[in-house]
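The shown structure was predicted, so the numbers you read here are calculated from the model rather than taken from an experiment. Chain naming here is simple, since letters A, B, ... match the order of the sequence lines and numbering starts at 1 in each.
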2 protein chains.
Amino acid sequence: MFQKATLKNISAQLSISISTVSRALKNHPDISPETKKRVTDLAKLIEYEPNGHAVSLRTSNSRVMAIMVPEISNYFYHSFISSVEEEARKTGYTIIILQSADDHEIETENLRLCRLNRIAGIFVCPSASNTNLSAFLKLEEYGIQVIFFDKVPDYEACNKVSLADASAASLAADVIQKKKKKKILGLFGKTNLSITQRRLKVFEDRFPKTDRNTTLYIEHVHSSDDAEKTASKYLSKRSLVDTIFCMSDEILTGVMKAINKKNLKIPDKVSIITISNGFMPTLYFPQITYVETSGYKLGKLAFSRMISCLNGGSFKQEVFANAVLIEGGSI
Amino acid sequence: MFQKATLKNISAQLSISISTVSRALKNHPDISPETKKRVTDLAKLIEYEPNGHAVSLRTSNSRVMAIMVPEISNYFYHSFISSVEEEARKTGYTIIILQSADDHEIETENLRLCRLNRIAGIFVCPSASNTNLSAFLKLEEYGIQVIFFDKVPDYEACNKVSLADASAASLAADVIQKKKKKKILGLFGKTNLSITQRRLKVFEDRFPKTDRNTTLYIEHVHSSDDAEKTASKYLSKRSLVDTIFCMSDEILTGVMKAINKKNLKIPDKVSIITISNGFMPTLYFPQITYVETSGYKLGKLAFSRMISCLNGGSFKQEVFANAVLIEGGSI
DNA sequence: ATCAATTTCGCAAACGTTTGCGGAAACCTT
DNA sequence: AAGGTTTCCGCAAACGTTTGCGAAATTGAT
C-alpha cells in the first residue's frame with residue numbers, strides 16, 4: 001500500500017508532534033539531536049518531500065519564477081530561458097514559461113496565471129503591440145517582482161536588463177573602419193523598434209554623410225526574405241558595396257542566401273559583419289565575424305537582478321549586458 | 001490599503017458563508033441567482049483570483065505540467081516546448097521547464113522538484129546517459145503522468161510519443177532512388193541511439209550491399225565538426241559520392257560547411273538530403289530537400305496523449321508522429 | 001532542597017480552498 | 001393540515017505546512 005509521505009505520517013509513526021517533525025527537518029536548534037536523527041532517518045526512508053503547495057500557502061511565497069516571451073522558437077529567447085533556468089535550478093527555483101505570441105490578450109491572461117500561482121517574480125519581454133504597462137505594475141501590488149528584458153519599455157520606474165545596443169553597433173563599426181571598408185550596406189530591422197534606432201544611430205554617427213571617403217547605404221527590412229531581396233539588389237551592381245552589416249540573425253540568413261545564390265566569395269568579393277546571439281554565424285564558411293549580444297549573458301544578469309529584488313535590497317534601475325566581438329573570417 | 005482578495009474577504013463583506021461564496025463563483029446550482037450575482041460582482045470588483053496553491057492543496061492536483069529536455073537550446077526541443085505550451089495555455093495548464101543537461105543527477109533532482117510541486121504530468125526526453133527508469137516510474141506512484149518523447153526508452157509499459165524514424169528514413173530513401181542516385185554517403189549519429197539504429201536499418205535494407213548498381217557508404221559521426229571532416233574526406237575524392245544523406249540538422253550543418261569550403265555546387269556536384277525539424281534546411285541556397293520530423297507536431301501529439309492519460313481513459317502505448325517530405329532544390 | 005535557567009517539545013492557529021452533509025425555510029401535493 | 005419536495009445556504013473537516021507561545025522536563029547553581 002502506498003503511504004503518503006507527510007509530516008503527519010512521520011509524526012504518527014514516531015509518536016511525536018507534527019511541529020517537532022517540521023522543526024527537526026529544518027534543523028531547528030530547539031530539537032534534540034536524537035530526535036532529529038530519528039526524524040531524518042524515517043523521512044529519508046519513506047522519501048518524504050514537503051508539499052510545495054502547502055508550503056507556499058502557509059508562507060505565501062512560492063519558489064517559482066516565470067519567463068514570458070513573444071515566442072520560444074527564437075535562438076535569443078531560448079538561450080535566455082536556458083540561462084535563467086540554469087541559475088534557477090541552482091537556487092532551488094523552478095521556471096514556468098509563457099508565450100504571449102505577441103498578443104496583448106494572451107499576455108494579460110498569462111499575467112493572471114502568474115498572480116493565481118503567486119509566483120515570486122517574472123522576467124518579461126513585452127509584446128511589441130503592448131504599450132500599456134498597468135497589468136505589469138499590478139503584479140507588484142501582489143508582491144511579484146517584474147524584470148523586463150530585451151525590449152524594455154521606456155517607463156522609468158521599472159527594472160530592466162537590456163543589451164548594450166549602442167556599444168554592440170559601435171564595435172561592429174570599429175571593425176569596419178579598421179578594415180578600411182568604404183562602401184557599406186547597413187541592413188536594419190523595423191524602424192519603430194528601439195533596438196533598431198539605437199543601432200542605426202551609431203552607424204549614422206560613425207559614417208556621416210559628410211565623409212566623402214566612405215558611403216553608407218541604409219535599408220530597413222522586415223524579414224529574412226526581404227533581406228535577401230534587398231541584399232541581392234545591391235550585390236547585382238558590380239562593386240557597389242564591399243561590406244554588408246546585418247543588424248540581426250534573421251537579416252544575416254537572408255543576406256547569406258543572396259550571397260550563396262550569386263556564389264560570391266567571402267570576404268574577397270564582399271565582407272559580412274553582423275550582430276548575433278552566437279549560433280548562426282558559425283554555420284557558414286568562413287564563419288561570420290559578429291558582435292555577440294548573448295541571451296545567455298543577459299539571462300545571468302537578469303537572474304541576479306531578480307534575486308536582489310527578491311531580497312528587497314534593490315531599487316528600480318536599468319542594467320546592460322555588454323557586447324563582445326567574435327572574429328570569424330568574413331571581413 | 002491593499003485588501004487581499006479571498007473567499008473569506010468576500011464572504012465577510014456580504015455576510016454570507018465562505019462555502020456559499022465558493023459555490024457561487026463556480027456556478028453551483030445550489031446557489032440562488034441573486035446571491036451569485038452579488039458574489040460575482042464583488043469578486044470582479046476586488047479582482048478576486050483563487051489562490052492556486054490553496055486549490056492544489058485541497059484538491060491535490062495542480063494544473064501544471066513539466067517538460068524536461070537535455071537542453072533547451074535546440075531547435076527541435078524548443079519547437080516541441082513551444083507547441084506544448086500553446087496547447088497548455090488553451091486548456092488552462094501552465095508549463096514548467098527543466099533542463100537535465102544530460103546529467104543524471106540533475107535529472108533526478110528535477111524529478112524531485114516535480115514531486116514536490118505535485119505536478120499533473122511531465123513530458124520527458126531522458127538524458128542519454130540514463131538507463132535507469134525507476135525514478136520516472138516512481139512518479140507514477142504519486143499519480144504523476146509520464147510521457148516520454150523523442151528518445152524514448154525501450155521499456156514497454158510506459159507512454160511514448162516518437163517520430164516515425166523508419167518512415168522518415170524511408171521517405172528519404174525513396175527520393176534518392178527516384179532521382180537515380182548511385183553513390184551515396186549516409187551520415188548517421190551515435191550508434192547506440194535507437195533513433196540512429198532505426199534510420200540506419202532502413203538505409204541498409206533499401207541499399208543492400210548485394211546491389212551492384214548502387215553503393216552506400218555509412219559513417220557515424222558524433223558532432224557537427226566531425227560531420228564536416230568526414231564529408232570533406234569523401235568529397236575530396238573526385239566523384240566518389242553523388243549524394244549525401246544526413247540523419248540530423250547537426251550533421252547537415254557540418255556537411256554544408258564542408259561543401260561551402262570546397263565551393264561545390266548543389267545539386268550539380270553533389271546532392272543533399274536530410275532529416276530535419278524544419279528550419280536549418282531553409283537557411284541554404286538552394287534550400288535543402290528534407291524529411292520533416294516536426295517537434296511541433298510531436299508536441300501536439302504528446303499533449304493529447306497527456307490529456308487522455310489525465311482523464312484516466314488510456315493505457316500505456318507508443319504513438320508516432322508521421323514524417324513528410326519537403327522538397328528543396330538540393331537533389 | 002529550592003529556585004532559576006535551559007533544553008526540548010506540543011498546542012493550536014493560520015494560510016485559502018473544496019465539499020459532504022445536514023438543516024431551515026419555502027414550496028407543492030392530496 | 002399534514003407530509004413530502006425543493007431551494008438555498010452554513011457547518012465543519014480536510015489538504016500539509018509553519019510558527020508563536022507556553023509548558024514540561026532536565027540541568028545547574030546555591
Sidechain N-carboxylate O distance under 4.0 Å for B:Lys138, A:Glu47: yes
Counting any heavy atom closer than 4.0 Å, what does [X] reach on the DNA or RNA strands: base, sugar-phosphate only, or nothing?
X	result
B:Ser60	nothing
A:Asn51	sugar-phosphate
B:Thr35	sugar-phosphate
B:Glu49	sugar-phosphate
A:Ser22	base

Interatomic distance where [atom1] belongs to [X] and [atom2] belongs to [N] [whole Å]:
X	N	atom1	atom2	result
A:Leu7	D:dC15	CG	C1'	12 Å
A:Ile18	D:dG20	CD1	P	17 Å
A:Leu57	D:dT19	CG	C1'	14 Å
B:Asn27	D:dC8	CG	C1'	15 Å
B:His28	C:dT17	NE2	P	17 Å
A:Lys26	D:dG20	NZ	P	13 Å
B:Asp30	C:dT19	CG	C1'	11 Å
B:Arg118	D:dC15	CZ	P	13 Å

Parallel, tilted or perpendicular: ring planes of A:Phe80 versus A:Phe76, cut at 30 and 60 degrees: tilted
Mutual orientation of the aromatic rings belonging to B:His78 and A:His78 [parallel < 30°, tilted 30-60°, perpendicular > 60°]: tilted
Nearest-0.5 Å distance that lies between atom CD in B:Glu49 and atom SG in A:Cys114: 11.0 Å
Side-chain donor/acceptor of A:Ser19 to base of C:dC11, under 3.5 Å: yes
Identify which nucleotide among [options] has an atom closest to any side-chain atom of [X], counting heavy atoms from C-beta outward.
X	options	answer
B:Pro50	D:dG16, C:dT17, D:dT19	C:dT17
A:Lys8	D:dT17, D:dG10, D:dC15	D:dC15
B:Arg23	D:dC8, C:dC9, D:dG10	D:dG10

Along DNA chain C (nearest heavy atom to each residue), the more 5'-positioned of B:Ala54 and B:Thr20: B:Ala54
Side chains of A:Glu318 and A:Ser162, donor plus acceptor under 3.5 Å: yes
A:Ser32 side chain near C:dC9 phosphate (N/O to OP1/OP2, under 4.0 Å): yes
Of B:Ile31 and A:His53, the one whose closest DNA chain D nucleotide lies more 5': B:Ile31
